[in-house]
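One structure is given here, and the rest of the page talks about it.
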Amino acid sequence: MKARKILLLFAIVIATLLALTYLFPRNGITVGSLTLRFPTLHSLVERTDVANTEIVNDTATGQMALEDSIAFYRKLIDSSALRFWLPEPHYFDDFWQSATKARKQKRTVRILHYGDSQIELDHISSRLRANMQRKYGGGGPGMLPFHTTTPTMTVRQSNSGDLIHLASFGDSLAVRSRGNYGLMMQCFRLEGGSATVTVKSANSNRVDDAAKNFERVQLVANNRGGLVAAFTNLKNKKESQQKNAPQGVGSLMWRTDTVTNGIRLHVSGNADLYAITIDADSGGIAVDNIPMRGCSGQQFTLVNEQLLTAAYATLDIGMIILQFGGNTVPYLKDSKDISTYCRSIAKQIAYVHRCCPKAKLLFVGPSDMSKRIRGEVQTYPIIPELIDSLATTATANGAAYWSIYHAMGGLNTMPQWTRQGLAGNDYIHFSQKGADKMGDLLAEAFDNSHSLYILEQRWAQLQPKAEKKAIQKSKAKTNRKARNSRRKRGGGR
């Protein structure tokens with residue numbers, strides 16, 4: 001068939017479909033017990049950019065369009081490859097409320113992204129950060145350790161001074177700290193000396209422009225007496241010094257005179273340095289990349305609960321992502337091993353909930369992983385059961401769950417990702433290109449959730465006051481039932 005005829009055929013099909021959006025009865029065609037409906041043009045447009053459309057008028061057509069759109073996004077969230085397993089239907093609503101108001105309120109709402117080596121180099125987090133900051137505002141690379149322990153593509157960091165590294169993970173020779181590790185599961189101890197960290201944005205087209213510029217620096221530390229910190233804005237060499245900060249866990253904050261892409265922070269005294277945060281001062285979202293190589297997500301209970309709670313309280317944390325499970329896959333042999341691991345994860349989730357009760361928790365399970373079985377590269381046999389068990393564990397303990405395994409395509413998809421250059425030849429780790437794609441898929445899943453939130457808010461606005469109260473009561477009842485169900489199953493809050 002000639003190209004001209006193919007083009008004409010496509011034009012006829014599109015014209016026919018558009019005509020149906022206008023001519024098909026708005027209330028559908030009833031055949032027996034079935035009602036056939038065709039989507040309206042309005043509902044199709046509504047799905048393309050929910051955040052930028054205006055509230056539809058209170059008409060039957062508008063309400064049907066909203067109903068169609070809500071059903072569309074609810075299906076994406078509940079049953080697509082990018083779905084969320086939720087402990088209750090409106091679990092993320094509080095987070096979206098904070099995110100959409102953050103810029104106006106000049107709040108920096110943080111997403112702490114903990115994970116294993118899959119997120120090193122700022123993998124996955126960087127793409128989620130770029131997406132969130134484009135939509136909700138914010139800037140800067142987010143949270144960093146005072147001393148670089150793993151490289152990141154987002155900033156260039158250098159250090160000087162005598163610091164003792166305390167870690168709950170990694171090298172077995174690392175000095176242990178009786179639980180004083182802070183919110184990055186590690187810290188750097190200063191004992192009467194001084195130390196300096198210099199941070200400068202990386203000049204890379206892989207780094208989103210919003211992450212390259214910042215105006216605010218915050219040091220989170222446990223001051224053990226006589227902490228003195230001096231901050232220098234590298235552009236104008238102006239110093240701002242803070243002395244005699246209160247003892248205990250707290251934070252010091254500096255604002256630059258102008259937007260900058262580099263800072264130097266000098267600290268002296270006696271303190272455990274937990275983290276520095278580097279952000280825009282205009283409000284929005286910060287996404288913090290916190291990699292813990294070799295971990296399986298069981299380090300949180302090693303941190304002193306009182307100290308961790310106090311450290312979290314220094315920041316405005318809206319969500320905590322726990323991305324783990326891959327490192328334990330090779331060691332799981334049967335259902336009993338899976339059950340043991342999931343019980344440990346349940347304890348970690350409950351612990352983080354207690355330390356940061358206002359934050360929403362999202363557990364991100366492992367990707368597809370492959371090994372040679374009878375000469376053929378195949379998915380580890382234990383993975384499908386592990387994914388199901390982790391999803392059940394997370395939701396039973398008041399956390400949401402998202403599956404990289406399903407987002408990739410499921411069983412035996414890792415070899416395909418490797419052939420496409422999206423994963424390495426170890427059939428475990430993503431390449432830079434693959435990590436970017438996975439970060440985009442996670443961002444898309446959040447976009448779907450936010451779109452549903454916006455649509456449901458509009459739906460509520462169209463209802464009379466009496467119906468609004470009924471809707472609110474229904475939501476509260478549904479969430480209460482979900483929490484009671486978790487308690488009966490022995491889950492968390």
Side-chain angles (χ1 to χ4, degrees), residues 78-88 91 114-119 169 292-302 320-353 361-417 423 426-430 438 482-493:
D78 289 345
S79 58
S80 75
L82 302 184
R83 66 164 294 188
F84 285 110
W85 283 257
L86 299 173
E88 52 195 49
Y91 182 69
Y114 295 97
D116 52 30
S117 56
Q118 286 282 32
I119 72 167
F169 64 94
M292 300 190 289
R293 175 180 283 269
C295 288
S296 55
Q298 301 173 87
Q299 273 63 39
F300 296 91
T301 50
L302 297 178
I320 296 176
I321 301 175
L322 310 175
Q323 183 177 329
F324 296 102
N327 285 315
T328 197
V329 166
Y331 306 102
L332 300 176
K333 305 304 179 186
D334 52 30
S335 298
K336 184 178 179 181
D337 289 345
I338 291 176
S339 179
T340 300
Y341 176 63
C342 286
R343 282 198 299 273
S344 176
I345 291 301
K347 291 179 181 178
Q348 307 302 314
I349 291 173
Y351 197 74
V352 175
H353 266 316
L361 259 63
L362 172 65
F363 195 96
V364 176
S367 67
D368 186 35
M369 298 167 57
S370 302
K371 67 175 182 177
R372 290 198 175 273
I373 302 175
R374 295 184 292 276
E376 187 177 345
V377 178
Q378 301 178 44
T379 295
Y380 276 82
I382 205 74
I383 285 182
E385 184 181 351
L386 174 63
I387 300 297
D388 289 343
S389 296
L390 283 172
T392 299
T393 297
T395 56
N397 288 275
Y401 184 85
W402 192 72
S403 173
I404 289 182
Y405 173 79
H406 285 88
M408 290 178 67
L411 192 71
N412 292 324
T413 51
M414 180 56 82
Q416 299 173 29
W417 278 57
D426 61 358
Y427 299 105
I428 294 174
H429 292 94
F430 296 125
M438 190 51 62
R483 287 191 290 269
N484 290 337
S485 177
R486 289 200 302 272
R487 291 191 186 101
K488 288 179 181 178
R489 296 196 303 267
R493 63 174 189 174

Compare every heavy atom of Ala394 with every heavy atom of Ala400, then report the nearest pair and how far apart it is. O-CB, 3.9 Å

Please test Ile338 against Asp334 for side chain to side chain contact (heavy atoms under 4.5 Å, CB included), starting from the C-alpha separation and ending with a verdict. CA-CA 7 Å; Ile338 291 176; Asp334 52 30; over 6 Å; no

Do Leu82 and Trp402 touch side chain to side chain, with heavy atoms closer than 4.5 Å? yes

Shortest non-hydrogen separation from Gly325 to Asp116 and the atoms involved: N-OD2, 4.3 Å

Within-4.5 Å side-chain heavy-atom neighbours: Leu411 and Tyr405: yes

Smallest heavy-atom separation, Lys347 atom then Thr301 atom, equals O-CG2, 4.2 Å

Does a side-chain heavy-atom distance below 4.5 Å link Leu390 with Tyr341? yes

Below 4.5 Å, heavy atoms only, C-beta onward: do Ile387 and Tyr401 meet side chain to side chain? yes

Taking the side chain as every heavy atom from C-beta outward, state whether Thr395 and Leu86 have any atom pair closer than 4.5 Å. no

Measure the shortest side-chain to side-chain distance between Pro366 and Ile383 over non-hydrogen atoms and say whether it is less than 4.5 angstrom. no

Side-chain touch Tyr91/Leu362, heavy atoms, less than 4.5 angstrom: no

Partners passing ring pair (Phe, Tyr, Trp, His ring centres under 6.0 Å) against Phe363 (at least two apart in sequence or in another chain): none

Give a yes-or-no answer on whether the side chains of Ser370 and Gln378 include a donor-acceptor pair shorter than 3.5 Å. no

Ignoring hydrogens and geometry, is there a side-chain-to-backbone donor-acceptor pair from Asn327 to Cys295 under 3.5 Å? yes

How close do Ala346 and Asn397 get, counting heavy atoms only, and between which atoms? CB-ND2, 3.6 Å

Donor-acceptor check, side chain of His353 to backbone of Gly398, threshold 3.5 angstrom: yes or no? yes

Please name all residues satisfying ring pair (Phe, Tyr, Trp, His ring centres under 6.0 Å) with Phe430, sequence neighbours left out, ordered by chain then number. Trp417

Non-hydrogen atoms of Pro87 and Ala399 that approach each other most closely: CD-O, 3.4 Å

OG1 of Thr328 to CG of Asp337, rounded to nearest 0.5 Å, is 8.0 Å

Hey, is the main chain of Ser335 close enough, under 3.5 Å, to the side chain of Ser339 for a donor-acceptor pair? no

Below 4.5 Å, heavy atoms only, C-beta onward: do Leu322 and Ile320 meet side chain to side chain? yes

Pairwise distance CD(Gln299) to OH(Tyr351) - rounded to 0.5 angstrom: 12.5 Å

Check whether any side-chain N or O of Asp426 sits under 3.5 Å from a backbone N or O of His429 as a donor-acceptor pair, and report yes or no. yes

Rounded distance [0.5 Å steps], CG in Leu332 versus CD in Glu385: 9.5 Å

To the closest 0.5 Å, what do you measure between CD (Gln118) and CZ (Arg293)? 10.5 Å

Donor-acceptor contact present, side-chain Ser344 to main-chain Thr340, <3.5 Å: no

List the atom of Ile404, the atom of Ser367, and the distance in Å for their closest heavy-atom pair. CG2-CB, 3.4 Å

With a 3.5 Å distance limit and no angle check, can you tell me whether Thr379 reaches the backbone of Asn412 through a side-chain donor-acceptor pair? yes

Just how far is it from atom NZ of Lys371 to atom OH of Tyr427, taken to the nearest 0.5 Å? 15.0 Å

Would you compute the distance between atom CD1 of Ile119 and atom CD of Gln323 and round it to the nearest 0.5 angstrom? 6.0 Å

Please find out if less than 6.0 Å separates the ring center of Tyr114 from that of Phe300. yes

